[in-house]
Amino acid sequence: MSDKNTKNEKMEAIVSLAKRRGFIYQGSEVYGGLSGTWDYGPLGVSLKRNIMSLWWKMFVEDREDMYGVDAAILMNQKVWKASGHVDTFTDPLITCGNCQSRYRADHIITDKEDYKIELENFFSRSKDIVTGLHLSESPFDYSEEQINSLVGIFGEARVPAHESVKQLEEYLDNHHKLASSYLGIFPRIYLSNKKTMCAKCGQCEWQDAQTFNMMFTTTIGPSSMNVLDKQIFYDIDKGTKKVTEVTVSQENIDNTDNTVYLRPETAQGIFTNYRNVVDSFYPDLPFGLAQQGKAFRNEISPRDFIFRAREFEQMEIEYFIDPANWEAEFNNWVSLVHAWADALGLPAENVHELEVPEADRAHYSKRTIDFEFDFPIGREELLGLAYRGSFDLDNIQREAGKNMAYVVKGTNTKFIPHVIEPSFGVERALMAVLSAAYTEDEVNGEKRVYLKLPEHLAPVKYAVSPLLKNKPELVAKAREVYAILKKKHGNVMWDDNGNIGKRYRRQDEIGTPYCVVVDFDSLEDNSVTIRERDTTEQKRVVISDL
Ligand code: GAP
């Protein structure tokens with residue numbers, strides 16, 4: 001079997017276990033589901049909270065230089081205009097002309113290098129035609145019609161006057177820049193030449209790729225909607241009641257643009273509170289603000305279980321620094337990110353640093369590292385670390401007219417701090433944890449599936465059972481043990497379903513590190529059997545030593 005199939009099988013096994021055992025369900029499943037949304041069951045919510053609490057402890061509580069915030073999800077629309085999200089938080093959308101299925105252009109164009117080469121060829125040839133120069137050599141045979149579709153755009157300007165040629169070149173260069181991010185006509189031409197078929201209808205009839213803003217919008221208050229109201233008329237003589245729906249006049253409603261966005265990142269809720277925290281606490285630089293919470297992105301093609309969802313959670317830190325120290329601070333965060341991966345129990349050899357090249361970085365970023373993980377679906381982004389300079393605080397200072405400068409204590413030195421931003425996705429961390437923990441082995445000649453979860457993340461730490469559930473004296477003693485452990489650890493499960501073998505398998509599948517069994521000897525010697533998940537070894541322990 002190919003490696004790819006094995007990996008897909010592993011992913012399917014994890015998804016199926018997650019559903020069967022109460023970790024994660026499809027969102028709105030009972031109504032046929034809602035794509036890109038997921039609901040967490042009792043064990044999933046527990047695992048997710050353990051991950052988030054671990055992060056909060058590691059990056060906020062255990063440090064002196066970090067401050068937590070919890071900003072509102074709905075923010076003034078000016079936030080997203082100033083941050084650039086309204087104009088540029090877009091994905092390239094390409095539509096099948098036959099069945100209207102929609103895809104992210106950069107997802108269905110899988111060979112990025114080849115795409116870049118062909119794009120260069122196409123534009124240099126088109127430019128040659130437009131400017132009347134010789135055709136450059138290209139291994140890719142573009143049809144005349146394809147070239148004309150671009151050239152045609154500039155038809156009117158095709159006069160040999162110097163100015164026009166210059167304008168044309170500029171126009172083409174801009175078009176080129178757009179297409180290099182998978183927009184415009186070239187993705188269509190490329191997919192057609194490569195005979196890439198629509199996954200849904202099998203046809204090759206692509207339309208031009210367009211930008212698609214990924215922010216969800218809603219409106220605040222009753223403006224810009226057709227407000228329906230009900231008026232009830234009573235006819236006193238006849239004793240009847242008539243309900244009429246009337247549209248409330250728009251004239252009486254505030255008609256300002258009340259669009260608001262569901263936040264696509266938690267980061268902006270941190271930047272907008274920078275001044276507040278500085279004024280309340282006056283921390284020394286460097287210091288960080290941390291936030292955990294929901295983020296929403298209208299992903300064109302949510303996929304791969306919880307990996308790319310439309311509603312997800314982020315854990316973000318904006319670490320404010322003196323720009324003179326940015327390199328040392330950045331490198332320190334690289335180490336901290338690896339320490340985080342280690343705390344999640346992810347094998348170091350499966351965590352990789354991808355140095356994002358300048359051309360692919362956001363314009364304000366001097367350095368970005370994507371930390372990738374070997375998921376069963378392949379090597380993909382787990383989290384990002386970016387040096388954002390003073391981009392966001394500058395924007396706020398300019399657009400809100402508020403002073404964002406930091407005054408170094410006891411001096412007259414002031415400047416707008418720069419920012420290192422480690423941005424963690426909760427679902428990706430959770431999926432990495434499940435992928436690393438999912439293990440198959442053989443016990444007594446039988447296949448066994450278990451989650452080798454680190455103890456501090458396991459949703460259930462101990463499962464307590466009486467050896468036989470129809471023996472009241474065993475049940476009573478086991479209840480005593482359960483109460484002791486529950487008080488101490490909280491996440492303890494009572495499990496008396498089926499025989500002991502079945503209980504062990506079930507607890508293995510949800511990653512419970514220890515199963516405690518109370519038997520007849522326990523009544524005599526006050527000890528219990530503890531069975532360890534990974535080794536399946538069993539030993540006797542005195543109850544007071546648990
Ligand atoms: N403030 C920077 C920022 O939001 P990002 O790379 O767009 O950067 C950060 O997102 C992290 O959020 C990603 O590395 C990933 O872990 C998570 N993330 C982003 N989009 C996601 C999605 N659609 N579904 C699940 N997690 C997502």
Side-chain angles (χ1 to χ4, degrees), residues 24 27 34-38 40 44 48 51-52 55 69 71 73 75 79-80 82-85 88-91 104 106-107 212-216 261-274 288-319 333 337 340-341 344 346 351-356 360-365 367-373 375 377 379-389 391-393 395 419-435:
I24 301 168
L34 179 67
S35 168
T37 64
W38 298 92
Y40 286 77
K48 186 164 140 177
I51 291 173
M52 293 174 80
W55 185 92
V69 293
I73 287 176
M75 303 177 81
V79 168
W80 307 108
S83 67
H85 283 80
T88 60
F89 194 59
T90 54
D91 268 342
R104 252 180 78 168
D106 58 326
H107 280 176
F212 171 75
N213 194 299
M214 289 202 288
M215 285 197 292
F216 283 101
Y261 303 95
L262 298 191
R263 68 179 177 202
E265 60 168 21
T266 55
Q268 293 306 322
I270 297 181
F271 289 119
T272 47
N273 280 295
Y274 156 83
L289 301 190
Q291 175 165 227
Q292 299 185 329
K294 291 269 186 184
F296 304 83
R297 296 184 187 179
N298 199 356
E299 298 281 354
I300 293 170
S301 37
R303 62 179 170 93
D304 294 322
F305 192 35
I306 53 173
F307 181 83
R308 190 176 300 286
R310 289 186 168 129
E311 177 178 338
F312 56 97
E313 298 215 46
Q314 287 186 319
M315 307 181 282
E316 296 199 292
I317 293 166
E318 305 304 332
Y319 198 68
W333 275 104
V337 166
W340 164 248
L344 288 181
L346 308 183
V351 179
H352 310 274
E353 289 176 22
L354 175 77
E355 189 76 50
V356 179
D360 297 341
R361 286 199 302 260
H363 62 278
Y364 51 79
S365 170
R367 193 171 173 200
T368 300
I369 293 182
D370 283 346
F371 286 81
E372 299 187 319
F373 181 72
F375 290 98
I377 52 168
R379 187 177 290 184
E380 296 279 0
E381 181 182 328
L382 175 65
L383 62 103
L385 177 65
Y387 172 35
R388 295 177 75 111
F391 176 75
D392 303 273
L393 293 185
N395 285 341
V419 167
I420 309 281
E421 181 195 63
S423 176
F424 305 73
V426 176
E427 283 73 8
R428 300 226 179 143
L430 198 151
M431 189 161 138
V433 166
L434 284 179
S435 311

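Note that the numbering runs from 1 along the sequence shown for the chain. Just so you know, ligand 1 is whichever comes first in the structure, and atom 1 is the first atom listed for that ligand. This is a predicted model, so every value here is computed, not measured.
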Work out which heavy atom in [X] is nearest to a heavy atom in [Y]; give both atom names and the distance.
{"X": "Asp370", "Y": "Gly384", "value": "OD1-CA, 4.2 Å"}
{"X": "Phe212", "Y": "Asn298", "value": "CE2-O, 3.0 Å"}
{"X": "Thr368", "Y": "Ala386", "value": "OG1-CB, 3.8 Å"}
{"X": "Glu380", "Y": "Phe375", "value": "O-CE1, 3.6 Å"}

Can you pull out the closest protein heavy atom to [atom]? Residue, atom name and distance to 0.1 Å, please.
{"atom": "atom 10 (O) of ligand 1", "result": "Gln314 NE2, 3.4 Å"}
{"atom": "atom 24 (N) of ligand 1", "result": "Ala309 N, 3.0 Å"}
{"atom": "atom 25 (C) of ligand 1", "result": "Phe307 O, 3.1 Å"}
{"atom": "atom 16 (O) of ligand 1", "result": "Leu382 O, 2.9 Å"}
{"atom": "atom 15 (C) of ligand 1", "result": "Arg428 NH1, 3.6 Å"}
{"atom": "atom 18 (N) of ligand 1", "result": "Phe312 CE1, 3.5 Å"}
{"atom": "atom 17 (C) of ligand 1", "result": "Gly425 CA, 3.8 Å"}
{"atom": "atom 9 (C) of ligand 1", "result": "Ser423 OG, 3.0 Å"}

Using a strict cut-off of 4.0 Å, indicate which atoms of ligand 1 neighbour a heavy atom of [X].
{"X": "Gly384", "value": "14 (O)"}
{"X": "Leu383", "value": "14 (O)"}
{"X": "Glu316", "value": "1 (N), 2 (C), 3 (C), 4 (O)"}
{"X": "Glu421", "value": "1 (N), 2 (C)"}
{"X": "Glu381", "value": "6 (O), 13 (C), 14 (O)"}
{"X": "Ala267", "value": "1 (N)"}

Please confirm whether Arg263 makes a cation-pi placement over Phe296, using NZ or CZ under 6.0 Å from the six-membered ring centre and within 45° of the ring normal.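 No, a cation-pi geometry is absent between Arg263 and Phe296.
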List for me each residue that meets side chain to side chain contact (heavy atoms under 4.5 Å, CB included) alongside Ala341, sequence neighbours excluded, and say none if there are none.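 In terms of side chain to side chain contact (heavy atoms under 4.5 Å, CB included), with neighbours along the sequence ignored, Ala341 is linked to Leu346, Val351.
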Centre-to-centre under 6.0 Å for Trp38 and Phe312, is that the case here?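 Aromatic pair excluded; centres sit 6.0 Å or further apart.
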Do the ring centers of Phe305 and Phe307 come within less than 6.0 Å of each other?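 No, the ring of Phe305 stays outside the 6.0 Å limit from the ring of Phe307, centre to centre.
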Can you tell me how the ring of Phe89 sits relative to the ring of His85, calling it parallel under 30°, perpendicular over 60° and tilted otherwise?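 Plane angle between 30° and 60°, so tilted.
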Judging by distance only, is a nitrogen or oxygen of Arg297 under 3.5 angstrom from one on ligand 1?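 Such a contact does occur with ligand 1.
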Those residues that, when tested against Phe391, pass ring-ring contact (aromatic ring centres under 6.0 Å, His included) (two or more places apart):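 Counting only residues at least two positions away or on another chain, Phe391 forms a ring-ring contact (aromatic ring centres under 6.0 Å, His included) with His363, Tyr364.
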